[in-house]
Amino acid sequence: MRFWNRAKLLWSFLTGRERVPALPVEYIVETTAKCNLYCPMCPRETHKQPKEDMSDEIFERLVQESQGAAEHMMLIGLGEPFMDRKIFERIEFCERHGIATLLSTNGTFLDEKNAERLLASPLAHITLSFDGASKETFEYYRKGARFEKVRDNFVRFARMKHERGSKIQVVMQMVRMPGNAHEVEAFREFWSAVPGVDQVRVKEDETNLVQPGSRHASKTMRRCHYLWRGAMYVKHDGRVYPCCQSYALDGEPAGDLRERPLAEIFNSDVLRRLRRLHAAGRGAEVDMCSRCSTPIPHPVLAAASLLLPAERVRRALPLVERLIRGRKLPQRLLTPERSGLVQIQKDANTV
């Protein structure tokens with residue numbers, strides 16, 4: 001059933017259909033809007049969030065209505081997942097409905113007890129966010145966190161995973177920004193040597209908050225496959241947005257799970273209009289799309305993301321990024337009309 005769902009998504013993407021007879025393969029699900037840190041690159045600093053969790057009703061409705069099509073749910077958003085008291089129950093609920101889960105954490109709550117619970121859960125993938133290789137840099141970007149505590153939490157978790165032979169994929173991730181670009185190699189070197197870490201990923205900043213002005217430069221842009229494939233972004237209160245960037249860029253929600261079924265939302269007027277414009281090469285006319293700095297992959301990569309199961313795509317993404325940025329693959333595969341990746345001050349030594 002999932003292969004058939006992906007086939008219909010692929011055909012709809014390639015032919016530019018505005019109405020899609022399928023459902024997304026991936027979702028970003030904000031199970032909590034609460035966070036314990038201040039990070040200057042995080043959209044929650046420009047979009048204030050309530051101290052609330054997603055209700056069971058909304059979460060269970062999403063999972064049940066997407067069952068059979070959804071392959072991956074990323075239980076993340078503008079909150080720290082471990083501040084959701086029901087996060088382990090939600091992981092189990094997804095598993096019972098045949099949906100793999102992913103978490104991304106700032107690490108402040110990943111003590112030994114939570115590490116044990118996580119390794120005993122059916123979680124498929126976890127991203128450990130650590131934006132620096134030195135105390136000064138890390139604590140600049142992760143205000144409220146202690147460098148030594150978070151580093152030790154991550155090292156202990158990775159080693160516990162290694163010792164238990166757990167199949168959870170562990171990705172150490174650093175978002176490259178002007179103030180930490182000089183620490184990229186030190187970051188790679190340290191975390192590549194830690195047993196249990198499967199991948200080390202250096203991700204480009206896609207928020208525009210610490211280095212505003214990055215936009216799609218052309219009046220035309222590639223068709224954005226996220227509008228067909230997902231991941232759709234589900235806020236804690238049930239509002240559904242077309243993609244991971246649309247909420248932060250003040251885009252219009254496609255619908256609300258408290259009011260409409262998921263299948264209707266996926267073919268709402270909002271999403272159909274976006275697909276129509278992108279299919280016609282007019283995506284840059286959409287304000288949020290023109291301001292989005294998320295790279296739009298070459299149609300070959302976009303098609304591959306629909307041919308393959310979501311888990312394989314997730315595992316392959318960091319490798320593809322690194323090959324492109326290491327010039328072993330053409331850069332145009334990931335960055336079409338823009339002038340290139342974010343320019344980094346290689347001699348930067350201060351934040």
Side-chain angles (χ1 to χ4, degrees), residues 24 26-54 58 62 73-81 83-84 102-106 127 129 131 141-143 173-178 203-217 221-222 224-227 229-257 265-266 268 270-271 273-275 277-278 283-297 317 335 338 341-342:
E26 287 190 323
Y27 298 81
I28 296 175
V29 187
E30 186 181 88
T31 69
T32 183
K34 298 180 293 189
C35 190
N36 61 322
L37 300 184
Y38 161 74
C39 304
M41 66 288 192
C42 179
R44 68 181 294 117
E45 304 311 324
T46 55
H47 295 71
K48 299 304 178 184
Q49 304 297 305
K51 296 180 179 180
E52 297 177 2
D53 295 335
M54 179 177 282
I58 292 172
L62 171 65
M73 282 198 176
M74 294 165 267
L75 306 184
I76 56 177
L78 295 186
E80 164 55 42
M83 294 193 76
D84 175 8
L102 173 150
L103 290 184
S104 178
T105 179
N106 62 36
T127 296
S129 298
D131 294 320
Y141 284 117
R142 297 280 173 171
K143 289 181 169 60
Q173 179 171 287
M174 170 180 173
V175 177
R176 177 162 43 189
M177 293 167 284
K203 180 183 177 183
E204 301 302 325
D205 174 32
E206 296 175 357
T207 66
N208 283 350
L209 294 179
V210 295
Q211 40 194 3
S214 178
R215 315 166 56 100
H216 290 287
M221 57 192 293
R222 284 178 182 160
C224 183
H225 68 309
Y226 293 116
L227 299 173
R229 179 189 184 278
M232 290 181 76
Y233 183 60
V234 185
K235 284 289 292 176
H236 76 283
D237 56 9
R239 287 175 293 161
V240 181
Y241 287 82
C243 66
C244 60
Q245 292 284 357
S246 52
Y247 171 77
L249 294 172
D250 302 310
E252 183 181 0
D256 192 318
L257 283 171
I265 293 173
F266 192 49
S268 64
V270 171
L271 266 164
R273 174 180 174 271
L274 290 173
R275 292 184 191 122
L277 287 170
H278 274 258
E285 295 178 20
V286 181
D287 178 65
M288 69 175 185
C289 297
S290 70
R291 293 187 291 120
C292 178
S293 57
T294 299
I296 300 177
L317 180 60
T335 53
R338 293 163 62 192
L341 297 174
V342 175

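Residue numbers run from 1 in the order of the sequence given.
Side-chain contact between Glu45 and Tyr38 is present, with heavy atoms from C-beta onward closer than 4.5 Å. In this structure, the side chains of Leu103 and Thr127 stay at 4.5 Å or more apart for every pair of heavy atoms. Between Asp84 and Pro81, the closest side-chain pair of non-hydrogen atoms is not below 4.5 Å. Tyr226 is not listed as a side-chain neighbour of Pro242, based on a closest heavy-atom distance of 4.5 Å or more. Ser129 places a side-chain heavy atom less than 4.5 Å from the side chain of Ser104. Annotation: side chain of His225 is not in contact with side chain of His278 (no heavy-atom distance under 4.5 Å). Val234 is listed as a side-chain neighbour of Leu62, based on a closest heavy-atom distance under 4.5 Å. Between Asp205 and Arg176 the shortest side-chain heavy-atom distance does not fall below 4.5 Å.
Annotation: cation-pi pair Arg275/Phe266 present, NZ/CZ under 6.0 Å from the ring centroid and within 45° of its normal.
For the pair Arg44 (side chain) and Ala33 (backbone), a donor-acceptor distance under 3.5 Å is present.
Only one option out of Val240, Ile28, Leu78 pairs with Tyr247 in a side chain to side chain contact (heavy atoms under 4.5 Å, CB included); it is Leu78. Between Val29 and the options Met54, Met232, His236, a side chain to side chain contact (heavy atoms under 4.5 Å, CB included) holds for only Met54. Checked options Asn106, Thr32, Asn36; the residue passing with Glu80 is Asn106 (criterion: side chain to side chain donor-acceptor pair (under 3.5 Å)).
Closest non-hydrogen pair, Cys289 versus Gly283, comes out as CB-O, 3.3 Å. Across all non-hydrogen atoms, the minimal contact from Ala254 to Ser268 is O-OG, 3.1 Å.
Note on Asp131 versus Arg142: salt bridge recorded, some NZ/NE/NH1/NH2 to OD/OE distance being below 4.0 Å. Ion pairing between a basic and an acidic side chain is recognised when a charged N comes within 4.0 Å of a carboxylate O; Asp237 and Arg239 show such pairing. Remark: Arg229 engages Glu26 in a salt bridge, criterion side-chain N to carboxylate O under 4.0 Å.
Put simply, CD1 on Ile265 and CG on Leu271 are 9.5 Å apart, with the number rounded to the nearest 0.5 Å. Interatomic distance, Leu102 CG to Met74 CE, rounded to the nearest 0.5 Å: 6.5 Å. To the nearest 0.5 Å, atom CD of residue Gln49 and atom SG of residue Cys35 are 10.0 Å apart. Expressed to the nearest 0.5 Å, how far CG of Leu249 lies from OG of Ser246 amounts to 7.5 Å. In this structure, the separation between SG on Cys42 and CG on Leu37 is 9.5 Å, given to the nearest 0.5 Å. Taking CE of Met73 as the reference point, atom OG1 of Thr31 lies at 11.5 Å (rounded to 0.5 Å).
Side-chain N/O atoms of Thr294 and Gln245 include a donor and acceptor closer than 3.5 Å. Counted by atom type alone, Tyr233 and Glu30 present one or more donor-acceptor pairs between their side chains at under 3.5 Å.
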Practice item. For the pair Met288 and Leu274, evaluate side-chain contact (heavy atoms from CB on, under 4.5 Å) and give the outcome as yes or no after the intermediate values. Key: CA-CA 11 Å; Met288 69 175 185; Leu274 290 173; 3.7 Å; yes
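In Lys143, the NZ atom is crowded: over 12 heavy atoms of neighbouring residues, nucleotides or ligands sit closer than 6.0 Å.
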